[in-house]
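Have a look at the structure below, then the notes.
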Amino acid sequence: MSQPPGQLTFVGPRRARPARHLADLSMADRRAAVTELGEKAFRADQLSRHYFERLTTDVGAMTDLPAAAREKLATLLPDLLTPVKEQTTDRGTTRKTLWRLFDGALVESVLMRYPDRVTMCVSSQAGCGMNCPFCATGQAGLTRNMSTAEIVEQVVAGARALAAGEVPGGPGRVSNVVFMGMGEPLANYKQVIGAVRRLVEPAPDGLGISARGVTVSTVGLVPAIGKLADEGLPVTLALSLHAPDDELRDTLVPINTRWKVAEVLDAAWAYAARTKRRVSIEYALIKDINDQEWRADLLGKLIKNKLVHVNLIPLNPTPGSKWTASRPEDERAFVRRLEFHGVPVTVRDTRGREIDGACGQLAAAE
Ligand code: SAH
């Protein structure tokens, strides 16, 4: 399936929903669910500790639960993700997993271990409806939204692998989560917010990851950015800008035909003001398309003196795209122009290209 250029899809085809999972529910709702099953409410806390602290779903091994209750409680821990394929690079410290969901939909997540942190890059939708022509996920169209628990399970799986010492570097923990896998997180707003809450709530409610370590990346759904600012969740907002002018951005990020550069930047500044968090501007450098010095200059003028950081991403190749990464000298000139305007800028140390696991390369093919 591929999308005609410029077409935007906000709602996927109607599909059956994945089974209800503990991670879909707030603690209050978990207690209610456990009571409905005929068990004491505090069993929800016990079950939650097993899942979010010990990272286990094997009710048979939960010896603090009465044997008779285990089977009933197991219905709150259905298997949502089935691993299909695992690929590693960087001596095992970058690891991409392809998952099959209950209905056959495929998604991918990527674990990246650095000396000082571990970042999980997760998917929020199977496919994506935002149709950015340089992104492999965008080319396949939207299959469906993922549920809160399907999103959380990707992080739990990474946490489990780290705790078990399966990732070189010794036992570890997930410190950062970036919604930069497949999908447009703000087009699946409710489920993504639920997932963010599960990630940041301390155990037994959730995984207890610092909100500062969570990044939600968006093409720029302006009303949803406003809503996110009001959630009281100080997560980092990443805005995939890729062009400072509407003429080019209309073609690179088709959502720009709805909300223009000026509007999306205003939403980003409002987000920064509200949360006191630095907004990250994502800019994939595409040779001779968006990497001219005058565009760097225009970008610099638009964002100087704001609570902002620019992340330049050398374009990763995707099938069927004629575009490539900028020449090194053009990249350097782009950085210099932004620095001239006093804008903090880094070039992303992009990982996983060898396994099609880098930004924009997730296509979830078997
Ligand atoms: N839909 C969201 C999140 C997923 S993409 C968003 O677009 O922000 C994560 C980042 O990778 C985005 O900044 C996206 O624009 C960028 N990206 C997509 N394709 C890419 C490619 N081929 N090379 C480099 N970065 C890419």
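As the structure lists them, so they are numbered: ligands from 1, and atoms in each ligand from 1. Note that the structure is predicted; figures quoted are calculated from it, not measured.
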### Query
Below 3.5 angstrom, do we get any N/O pair linking E184 and ligand 1?
yes
### Query
Just checking, is any N or O donor in the side chain of R198 or T148 under 3.5 Å from an acceptor N or O on the other one?
no
### Query
Relative to ligand 1, is T218 under 4.0 angstrom through side chain, backbone, both or neither, heavy atoms considered?
backbone
### Task
Taking atom CG of D79 as the centre, report whether more than 12 heavy atoms of other residues, nucleotides or ligands fall under 6.0 Å from it.
no
### Donor + acceptor pair across side chains of T218, E184 (<3.5 Å)
yes
### Task
Indicate whether any N or O donor in one side chain lies under 3.5 Å from an N or O acceptor in the other, for R43 and Q46.
yes
### Side chain, backbone, both or neither: the part of I313 lying under 4.0 Å from ligand 1 by heavy atom
side chain
### Query
In terms of atom number and element, which parts of ligand 1 are under 4.0 angstrom from non-hydrogen atoms of G181?
4 (C)
### Query
Numbering the atoms of ligand 1 from 1, which are under 4.0 Å from a heavy atom of E282?
13 (O)
### Ligand-residue contact atoms, ligand 1 with F179, heavy atoms, under 4.0 Å
3 (C)
### Query
Less than 3.5 Å between some nitrogen or oxygen of F134 and one of ligand 1, yes or no?
yes
### Query
Based purely on interatomic distance, does G183 place a nitrogen or oxygen under 3.5 Å from a nitrogen or oxygen of ligand 1?
yes
### Query
Which ligand 1 atoms does S240 reach within 4.0 Å, using its non-hydrogen atoms?
6 (C), 7 (O), 8 (O), 12 (C), 13 (O), 14 (C), 15 (O)
### Enclosure of R212 CZ (heavy-atom neighbours >12, cutoff 6.0 Å)
no
### Query
Does H242 reach ligand 1, in the sense of a heavy atom lying below 4.0 Å from it?
yes
### Message
Looking at ligand 1, would A325 count as a contact under a 4.0 Å heavy-atom criterion?
### Response
no
### Query
So is there a nitrogen or oxygen of R348 less than 3.5 Å from a nitrogen or oxygen in ligand 1?
no
### Message
Can you name the atoms of ligand 1, numbered from 1 with element, that are less than 4.0 Å from a heavy atom of T318?
### Response
22 (N)
### Message
Under 4.0 Å from a heavy atom of C135: which atoms of ligand 1 are those, numbered in the order shown and with their elements?
### Response
18 (C), 19 (N)
### Query
If you draw the axis of the six-membered ring of Y114, does the NZ or CZ of R351 fall within 45° of it and under 6.0 Å from the ring centre?
yes
### Query
Looking at Y271, does the NZ or CZ of R274 lie under 6.0 angstrom from its six-membered ring centre and within 45 degrees of the ring axis?
no
### Query
Counting only heavy atoms not in R173, do more than 12 fall under 6.0 Å of its CZ?
no
### Message
Side chains of T236 and R277 only: does a donor on one sit below 3.5 Å from an acceptor on the other?
### Response
yes
### Query
Should W323 be listed as contacting ligand 1, given a heavy-atom distance under 4.0 Å as the test?
no
